[in-house]
Each structure stands twice: as structure tokens, then as C-alpha cells.
Amino acid sequence: MSETSQQDPSFPQATLDLPLGQRIAKAVEHYGEAEVVARSISLMDGRYEGEEFLLYVGGEHAQGILNGAPVLYWPELWGLRALQHVWSDSAISPVLTSLENPAWRVREMGCRVIALRGLPAVDELLVLASDGTPRVRAAAARALGAVGNPEDLDSIRTFTKDPVLEVRRAAQQGVEALRSRFPRSR
């Protein structure tokens, strides 16, 4: 652990080892849910929210950054991941914007949050059918199954023609999810 983190008596060091959901619950106890959501959105926007908050959302990985590892896209990703555990509709627009992030891991997580939160983002997800990263295309196909409507079925099927097997499988999962949500769809 860095000396900086050890000097911060308000951060419970044992929290670093907890799974993300438990770390976010501790952050909510410390800051309140609205503040955790606001700070998560701020991270997604590339702002700095302090060492303590980074440790809550990033755990041991954040400690590495605080010790000098490259920041890259990690805080943006951690902000999105936190939104799997806390939520406010104020996060809708930032989550949709995350689909345009240059880092593929951020775009992929954006798809996951959209699916989990049931955000109306069919058009935004369809744009990702041509994303250069197969994992992003696969996440978009799954998310379409979670948030699409029966009229989107043909659009999801376009992913079944992807050259990458993982994407085709995800597309089939999306089609099956859509059919289970709307049993009368074709």
C-alpha cells in the first residue's frame, strides 16, 4: 500500500480486498448513494475524485495506480462498474456516452450497464455492430436482447453473421433473451 493511502485514516484498508459490490456498499455508507453516483459519473467524465474514492471503486487495482501504474482508462471503467451497484437516472446520458469511449473495455462495460439497467439505447447499441472489438460487439448484442423490442429482432440477427464466433453466440443469446421477454415475437 502506498504511504498516501496509509496516511488517510478515513479509508478502511481492509476494504481493498472486498468484492466490488461490497466496496460500493461501504462507499455508500461513507458518502451516501447520491454522492457515490455523482462521483462515479465524474470518473467516467475523466475527472479526479481523490484517492479514497478510487480505492473504493477500484480496490487493489486502484492502489496500483496510486503507486504509479499507468492510469489509462481504468477510472472511467470503475465509474461505470460502480453503476452496476448504485444508480440514479442522472447516469443515463453518461452511460450512453460511454459507448463512444476510445477504450474498448469502457464501451463493453457501457453495454453491460445498459443491459442491467434496462436503458433505452437500441440505436446506440446497433452502432456497435461495426465496432472493431469483438467483445464490444458481443456485449452490444447481449444488451440488445435485454433492452430491445420485438421489432429489433432482425437488427440483433445482423450480429449472427459476425465473423467472430463469440459475437455470433452472444447474438443468439440476445435473440433468445428477446424472445423470452416477448414470447409472441417470431
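Any value given below was found using the heavy atoms of this structure, including those in side chains, with hydrogens, waters and symmetry copies removed.
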Anything under 30° is parallel, anything over 60° is perpendicular, the rest tilted; go ahead and classify His61 against Trp74.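 Because their plane-to-plane angle is under 30°, the rings of His61 and Trp74 count as parallel.
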State the SG-CG distance between Cys111 and Leu144, to the nearest 0.5 angstrom.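 The distance works out to 8.0 Å.
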Could you pull out all residues at least two apart from [X] that satisfy salt bridge (Lys or Arg N to Asp or Glu O under 4.0 Å)?
{"X": "Asp162", "answer": "Arg137"}
{"X": "Glu108", "answer": "Arg112, Arg135"}
{"X": "Glu124", "answer": "none"}
{"X": "Arg107", "answer": "Asp131"}

Looking at [X] and [Y], would you say the former's side chain and the latter's main chain have a donor-acceptor pair under 3.5 Å?
{"X": "Tyr48", "Y": "Glu51", "result": "yes"}
{"X": "Ser42", "Y": "Ala38", "result": "no"}
{"X": "Asn101", "Y": "Ser98", "result": "no"}
{"X": "Arg181", "Y": "Gly148", "result": "yes"}
{"X": "Ser93", "Y": "Ser90", "result": "no"}
{"X": "Arg142", "Y": "Gly174", "result": "no"}

Which heavy atom of [X] sits nearest a heavy atom of [Y], and at what distance?
{"X": "Ile156", "Y": "Gly145", "result": "CD1-N, 3.9 Å"}
{"X": "Ala143", "Y": "Ala115", "result": "CA-CB, 3.8 Å"}
{"X": "Pro70", "Y": "Ile65", "result": "O-CG1, 3.8 Å"}

Does [X] have any side chain to side chain donor-acceptor pair (under 3.5 Å) partners at least two apart in sequence or in another chain, and if so, which?
{"X": "Glu29", "value": "none"}
{"X": "Glu176", "value": "Gln172"}
{"X": "Arg105", "value": "Tyr73"}
{"X": "Thr158", "value": "none"}

Residue pairs involving residues 36-49 (criterion salt bridge (charged side-chain N to carboxylate O under 4.0 Å, His left out); sequence neighbours excluded):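 Those involving residues 36-49 are Glu35-Arg39, Arg39-Glu49, Asp45-Arg47.
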Side chains of residues 14-21: which donor-acceptor partners sit under 3.5 Å, not counting sequence neighbours?
| from | atom 1 | to | atom 2 | distance (Å) |
| --- | --- | --- | --- | --- |
| Thr15 | OG1 | Pro12 | O | 3.0 |

For residues 77-87, dump all side-chain donor-acceptor pairs below 3.5 Å to protein atoms at least two apart in sequence or in another chain.
| from | atom 1 | to | atom 2 | distance (Å) |
| --- | --- | --- | --- | --- |
| Trp87 | NE1 | Asp89 | OD1 | 3.2 |

May I ask whether Leu153 and Phe182 are part of the same hydrophobic cluster, defined by side-chain heavy atoms of I, L, V, M, F, W, Y residues being less than 4.5 angstrom apart, directly or through others?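 Yes, Leu153 and Phe182 fall within the same hydrophobic cluster.
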Taking ring-ring contact (aromatic ring centres under 6.0 Å, His included) as the definition, give me every residue that meets it alongside Phe159, ordered by chain and number, with sequence neighbours left out.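 Checked Phe159 against ring-ring contact (aromatic ring centres under 6.0 Å, His included); zero matches.
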